[in-house]
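Chain identifiers are assigned alphabetically (A, B, ...) following the order of the sequence lines, protein sequences preceding nucleic acid strands; residue numbering begins at 1 within each chain.
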Amino acid sequence: MVSTKELFDILLDTFGPQNWWPGDSKFEIMIGAILTQNVSWRNVEKAIDNLKREDALSPDAVYKMDLERLEELIKPTGFYRQKAARLKRLSKLILKERGVDSYLQQKDLREQLLDIKGIGPETADSIVLYAGEIPTFVVDAYTKRIVERFYGFKGNYEDIKEFFQKSLLKDAETYNEFHALLVELGKKYCKKTGPRCGECPISHLCSY
DNA sequence: GGCCAGGTGTAAA
DNA sequence: TTTACACATGGC
């Protein structure tokens, strides 16, 4: 069975650097993490473009914006009422901490994020890793599916997070690239239904 | 038309 | 402690 390190090297060779997270600012990364919850990134881009057009890519603008207006702008991402409220809560807390940079520098950042209603482990870890640049492994639905198919291991969020963190050097750049590569593999060949295993370039490493 | 997409919270079994 | 369901738009 391939080690996680070997899998990483193979994925990097196969797909190349993914250059995650897409976004021009820390705040854009943070709201993108909320907006992409259970929705394809394609939809998120529309919403971010809408916010950009309104010059609303700042905690202050999001906090002050009329709720109905915010909902309208992020509608393409689905669950827009919940997500608008989540963006408002996060923005309020960022302002309370006097800005994005100081918010991200809090020592208990992950716990702070998890205390926000609407931010669960994946969204929190995405923000910690991609905006905070602090090494924490992000686990998403693709990661769970890939681990199950490649390693026959079915675990909860924390189990799978530990599975990777215990087998790799604690390095933000590695975690960054690895998660992005797992998503790329997942999107192309490990979809929930109709997996294209025959076309998968690394199906020989998979027990599925 | 049906299923899925870079999840989360709540409530029942 | 697990499982089910609501939340909602857009692509294939």
Check your understanding: Does a side-chain N or O from A:Y80 land closer than 4.0 Å to OP1 or OP2 of C:dC7, or not?
Key -> no

Do any N or O atoms of the protein come closer than 3.5 Å to N or O atoms of nucleotides 9-13 of chain B, and which pairs are they?
residue	atom	partner	partner atom	Å
B:dG9	OP1	A:G118	N	2.7

Review point. Between the side chain of A:K88 and the main-chain N/O of A:M65, is any donor-acceptor distance below 3.5 Å?
Key: yes

Point to revise | Whole angstrom value for the distance that separates P of C:dT3 from NZ of A:K154 | key: 8 Å

**Study point:** Whole angstrom value for the distance that separates C1' of B:dG7 from OH of A:Y157
**Key:** 11 Å

Check your understanding: Between C:dG10 atom P and A:I74 atom CD1, what is the distance in whole Å?
Key -> 12 Å

Review point. Please give, in whole Å, the distance from B:dT8 C1' to A:D125 CG?
Key: 14 Å

Point to revise | For atom CD1 of A:I31 and atom P of B:dG7, their distance in whole Å | key: 17 Å

Review point. What distance, rounded to whole Å, do you find between the two P atoms, one in B:dC3 and one in C:dA6?
Key: 15 Å

Practice item. Output yes when a side-chain donor or acceptor of A:Y130 lies under 3.5 Å from a complementary backbone atom of A:M30, and no otherwise. Key: no

Check your understanding: Does a salt bridge link A:K161 with A:E158, judged by any charged N lying under 4.0 Å from a carboxylate O?
Key -> no

Revision key, fill the gap. note: A:L113, atom CG; B:dT8, atom C1'; distance rounded to Å ~ 14 Å

Point to revise | C:dC12 versus B:dG1 - spacing of their C1' atoms, nearest Å | key: 12 Å

Point to revise | Residues A:K154 and A:E148 bridged, charged N to O under 4.0 Å | key: yes

Practice item. Could you work out the separation of C:dC5 and B:dC4 based on their P atoms and round it to a whole Å? Key: 15 Å

Check your understanding: A:F164 vs A:F137 aromatic rings, parallel, tilted or perpendicular, using cut-offs 30° and 60°?
Key -> parallel

**Study point:** Whole angstrom value for the distance that separates P of C:dG10 from NZ of A:K83
**Key:** 12 Å

Check your understanding: When you check the gap from the basic side-chain N to the acidic O, do A:D49 and A:R53 get nearer than 4.0 Å?
Key -> no

Check your understanding: Under the 3.5 angstrom rule, does the side chain of A:K188 hit a backbone N or O of A:E199 as a donor-acceptor pair?
Key -> no

Exercise for review: For nucleotides B:dA5 and C:dA8, find the distance between their C1' atoms and express it as a whole number of Å.
Suggested key: 12 Å

Pick out the pairs of N or O atoms, protein on one side and nucleotides 2-6 of chain B on the other, that lie under 3.5 Å.
residue	atom	partner	partner atom	Å
B:dA5	OP1	A:R145	NH1	3.4
B:dA5	OP1	A:R145	NH2	3.4
B:dG6	OP1	A:W41	N	3.3
B:dG6	OP2	A:Y142	OH	2.5
B:dG6	O3'	A:E122	OE2	3.3

Practice item. Name the orientation class of the two ring planes belonging to A:F163 and A:F153 (parallel below 30°, tilted from 30 to 60°, perpendicular beyond 60°). Key: tilted

Exercise for review: State plainly whether the residues A:E45 and A:K52 are in salt-bridge range, i.e. N to O under 4.0 Å.
Suggested key: no

Review point. Rounding to the closest angstrom, what is the interatomic distance between C:dG10 and B:dT8 at atom P?
Key: 22 Å

